[in-house]
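Here the structure comes first, spelled out in structure tokens, and everything after it is commentary.
Residue numbers start at 1 and run along the sequence shown. Since the model is a prediction, treat every value here as computed from it, not as a measurement.
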Amino acid sequence: MRAIVPNAITAAALCAGLTGIRFAIADDFEKAVQAVILAGLLDGIDGRAARLLNAQTRFGAELDSLADSISFGVAPALIVYLWTLHEAPSMGWIAALAFAICCVLRLARFNARLDMLDQPHKQAGFLTGVPAPLGAGLAFLPLYLWIASGFEEFANPVLVSVWMVLVGFLMISSIPTLAWSRLRPPSHLRLGVIALVGLTMAALLTEPWFTLVAVTIVYLVLIPVGVITYAKVRRHTPIQGADPIVSPPIEPGAF
């Protein structure tokens with residue numbers, strides 16, 4: 001049962017991602033996005049459940065990668081294509097394919113490095129590139145804006161195609177991005193952070209789409225912050241002959 005629980009959560013995340021495609025086919029794009037977001041939440045739980053139950057297996061890691069490639073690669077690509085990219089069939093389909101392929105390549109790279117000890121980003125507590133669930137969230141930014149504002153300009157298939165390709169590049173790039181272990185607010189700000197998280201949850205319940213836009217923009221701002229922070233860490237840490245910086249292990253869901 002210890003091994004079944006985290007893998008069952010992974011399977012549930014996969015089903016949520018596939019259900020998002022079903023909603024998109026029915027032109028219910030709000031529910032389609034919500035289904036993929038639910039898949040992201042479940043993806044964040046399965047790795048922690050595996051560690052809590054001491055049920056981390058290579059099978060679970062492989063299953064998680066395969067599920068993520070569909071939930072955060074194929075599903076967002078098809079949802080955005082059915083939303084607006086189909087209006088520019090050639091360019092739109094190529095952009096959707098580029099996003100899905102980049103997500104799969106990212107997950108393949110992660111699996112190939114599971115047993116590698118020499119991973120400077122991971123040793124310093126960073127991720128390499130944008131994780132697949134967050135990449136799916138970034139891909140949906142034009143859709144968030146379109147739902148929140150109703151402006152058809154956000155559904156421009158050419159601009160959305162360029163955005164999808166850009167997000168795909170961020171997923172397979174070697175840019176160091178902040179992991180949860182690097183988000184350490186000062187002690188005098190921790191109460192404020194708790195209050196901010198509570199207000200964000202309230203905002204998600206009252207104005208979900210504008211809140212998702214704000215959260216996505218905050219993450220985009222954190223990307224250059226991660227690059228700058230990593231550069232500072234490397235300057236203070238010898239690359240050769242020094243003990244690696246100890247960081248908590250990254251769960252399978254942090255792809």
- Query: Can Y144 and V33 be said to form a side-chain contact (heavy atoms from CB on, under 4.5 Å), step by step?
  - Reply: CA-CA 9 Å; Y144 300 154; V33 172; 3.6 Å; yes
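Listed by chain and number, the hydrophobic cluster partners of L52 come to none, as no ILVMFWY side chain reaches under 4.5 Å of it.
In this structure, the side chain of T84 does not engage the main chain of V80 through any donor-acceptor pair within 3.5 Å. No donor-acceptor pair closer than 3.5 Å links the side chain of T229 to the backbone N or O of G226. Under the 3.5 Å distance criterion, the side-chain polar atoms of R109 are matched with a main-chain donor or acceptor of I172. Judged purely by atom type and a 3.5 angstrom limit, R106 uses its side chain to pair as donor or acceptor with the backbone of T128. Remark: side-chain polar atoms of T177 are not paired, donor with acceptor, to backbone N or O of V130 under 3.5 angstrom. Using a distance-only test at 3.5 Å, with no hydrogens or angles considered, a donor-acceptor pair links the side chain of W163 to the main chain of L138. Proximity of a side-chain donor or acceptor of R22 to a complementary backbone N or O of L18 within less than 3.5 Å is not detected.
Smallest separation of non-hydrogen atoms from S65 and L107: O-CD1, 3.3 Å. Across all non-hydrogen atoms, the minimal contact from G17 to S71 is CA-OG, 3.8 Å. Shown here for P76 and M164, the closest heavy-atom pair between the two residues is O-CE, 4.3 Å. Taking every heavy atom of both residues into account, C102 and G168 meet most closely at CB-O, 3.3 Å. In this structure, N111 and E62 approach most closely via the heavy-atom pair ND2-OE1, 3.1 Å. Closest of all the heavy-atom pairs between C103 and A132 is SG-CB, 3.9 Å.
Partners of Y81 according to the ring pair (Phe, Tyr, Trp, His ring centres under 6.0 Å) rule, which considers only residues two or more places apart in sequence or in another chain, are W93.
I94 and L78 sit in two unconnected hydrophobic clusters of ILVMFWY residues. Membership requires side-chain heavy atoms under 4.5 Å apart, directly or through other members. Hydrophobic clustering (ILVMFWY, side-chain heavy atoms < 4.5 Å, transitive): F151 and V213 are in one cluster. Following chains of ILVMFWY side-chain contacts shorter than 4.5 Å, one cannot reach I147 starting from V215, and the two form parts of different hydrophobic clusters. Hydrophobic clustering (side-chain heavy atoms under 4.5 Å, transitive across Ile, Leu, Val, Met, Phe, Trp, Tyr) groups L38 together with I45. At a threshold of 4.5 Å between side-chain heavy atoms, the hydrophobic network of Ile, Leu, Val, Met, Phe, Trp and Tyr places V218 and L199 in two separate groups.
The shortest side-chain heavy-atom distance between L53 and P6 falls under the 4.5 Å cut-off. Between E30 and W209 there is a side-chain heavy-atom pair separated by less than 4.5 Å. The side-chain heavy atoms of L134 and F72, taken from C-beta on, include no pair separated by under 4.5 Å. With a 4.5 Å cut-off on side-chain heavy atoms, I79 and F140 count as touching. Looking at heavy atoms from C-beta onward, V165 lies out of side-chain contact with F99 at the 4.5 angstrom threshold. Side-chain atoms of L212 and L204, non-hydrogen and from C-beta on, do get closer than 4.5 Å to each other. You'll find the side chain of L141 reaches within 4.5 Å of the side chain of L220, heavy atoms only.
Atom OH of Y219 sits in a crowded spot, with more than 12 heavy atoms from other residues, nucleotides or ligands closer than 6.0 Å. The environment of L189 atom CG is dense: over 12 non-hydrogen atoms of other residues, nucleotides or ligands sit within 6.0 angstrom.
With rounding to the nearest 0.5 Å, the separation of CD1 in I9 from CG in L41 is 12.0 Å. Here the straight-line distance linking atom CZ of F110 with atom CG of L105 works out to 15.5 Å at 0.5 Å rounding. Summarising the geometry, atom CG belonging to L63 is positioned 8.5 Å from atom CG belonging to D46; distances are rounded to the nearest 0.5 Å. For the atom pair CD1 (I37) and NZ (K31), the distance works out to 14.5 Å, reported to the nearest 0.5 Å. Atom OG of S69 is separated from atom CG of D64 by 10.0 Å, given to the nearest 0.5 angstrom. Between the CG atom of D43 and the CZ atom of R48 there is a distance of 9.5 Å, given to the nearest 0.5 Å.
Ring centers of W83 and W146: under 6.0 Å apart, within the cut-off.
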